[in-house]
There are 2 protein chains.
Amino acid sequence: MVTKQVPLKSDEDLNDPNCHTRLALDRIGDKWTVLVVLHLSRRSPRRFTELREAIAGIAPKVLTQTLRTLERDGIVTRTVYAEVPPKVTYDLTPLGASLRTPIAAIHRWAHHYMPEVLDARADHDSGLDSGLDSGHGGVSAPRSRRTSRA
Amino acid sequence: MVTKQVPLKSDEDLNDPNCHTRLALDRIGDKWTVLVVLHLSRRSPRRFTELREAIAGIAPKVLTQTLRTLERDGIVTRTVYAEVPPKVTYDLTPLGASLRTPIAAIHRWAHHYMPEVLDARADHDSGLDSGLDSGHGGVSAPRSRRTSRA
DNA sequence: CCGAATCCGTTGCGATACTG
DNA sequence: CAGTATCGCAACGGATTCGG
């Protein structure tokens, strides 16, 4: 599929807290959601402990929380097997699978440009005024931006 | 450029806190960043107050904070004009402009699938164990916790 | 006009311990 | 095995006030 070129919304839409883009970002912007979706999209269904082991660092409470919200939003399904050793599996719904596209876009951007971001960040942090000037000439001499950030 | 199909990372990479995807999400996952980038990508440069008015609801402190971090990461440039009426403009760097691609992907997904998410959410919230149907086709009944199989 | 400084409420996240 | 219960911190965001 070809990447369509930036059909962004208008200002008014963007300011709307109910704007879908805002809602989507609130949804995937948390710490673990994307990670969970990514793991499930690579192999599913997955069991609880399997996910917990795979993610390594997440607290069970938080994983449950994340999965519950994901289930609530129709992104994953939860299947309980009434067996003697308790068994619960999580799977991605088609809706959840559709998330792979935007996530992949983010991933591709990150892979491509994140080094630049990190570089700029490091540069800004160490020497705030180190020779990176836009060479912007004209109107009124732009003063160098040097603000203490306590 | 060939459109690669979902080149997701491996588990180990995903668990890495330094994983670029994670870092990128931490970066754009906050409340206002995407909004600011979107406004700047539609028209720039923009003045501080201009942005504040456009976003409508953001506190000056938070806007400053957001812009500072964005500047630090090389996504926007800040230009101070040493004039009697203080004037500061913000502009998107090429790096910042590159963010439009993933943001557009998110936007497109949100526009496409967010209604389903909201529908599933409402359905899940209202009737957890009454086979209720919102009459809004598209999403299958999420029979939440009762998906027992043997 | 462009912010910085301060205070404060909310909430996500984490650690540990315990249960069906 | 798959969670729940409880506690608590720390970071984010909001409102207000003051300064250059």
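Naming: A, B, ... by sequence-line order, numbering from 1 per chain.
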Report summary line: Winner on side-chain proximity to P86(A), out of dG3(C), dG3(D), dA2(D), is dA2(D)

Report summary line: Among dC1(D), dG3(C), dG14(D), the one nearest any side-chain atom of Y90(B) is dG3(C)

Quick one: [X] [atom1] to [N] [atom2], roughly how many Å, whole number?
X      : N       : atom1 : atom2 : result
L63(B) : dG3(C)  : CG    : P     : 8 Å
K31(B) : dT10(C) : NZ    : P     : 14 Å
R78(A) : dT4(D)  : CZ    : C1'   : 12 Å
I55(B) : dG14(D) : CD1   : C1'   : 15 Å

Would you say [X] places a side-chain N or O within less than 4.0 Å of OP1 or OP2 belonging to [N]?
X      : N      : answer
T64(B) : dG3(C) : no
R52(A) : dG3(D) : no
R68(B) : dA4(C) : yes
R46(A) : dC1(D) : no

Requested in this report: Begin with the C-alpha distance, continue with both residues' side-chain angles, and end with the deciding distance and a verdict on side-chain contact (heavy atoms from CB on, under 4.5 Å) for F48(B) and T64(B).
Outcome: CA-CA 8 Å; F48(B) 185 85; T64(B) 300; 3.4 Å; yes

Query raised in the report: Do T101(B) and W109(A) get their side chains close enough for a donor-acceptor pair, meaning under 3.5 Å?
Result: no

Query raised in the report: Can you tell me if D91(B) and T77(B) form a side-chain donor-acceptor pair at under 3.5 Å?
Result: no

Query raised in the report: Pick the nucleotide of DNA chain C nearest each of Q65(A) and F48(B); which residue has the one closer to the 5' end?
Result: F48(B)

Requested in this report: Answer with base, sugar-phosphate or nothing: what part of the nucleic acid does R47(B) contact at a heavy-atom distance below 4.0 Å?
Outcome: sugar-phosphate

Requested in this report: Output, in order, the C-alpha distance, side-chain angles, deciding distance and verdict of side-chain contact (heavy atoms from CB on, under 4.5 Å) for I55(B) and H39(B).
Outcome: CA-CA 8 Å; I55(B) 292 179; H39(B) 276 284; 3.8 Å; yes

Query raised in the report: Does the pair K61(B) and Q65(B) meet the rule for a side-chain contact (heavy atoms from CB on, under 4.5 Å), with working shown?
Result: CA-CA 6 Å; K61(B) 187 193 85 168; Q65(B) 199 173 274; 4.0 Å; yes

Report task. Map P60(A) and P85(A) onto DNA chain D by nearest heavy atom, then report which one ends up closer to the 5' terminus. Result -> P85(A)

Report summary line: Per nearest nucleotide of DNA chain D, the residue lying toward the 5' end, T89(A) or K61(B), is T89(A)

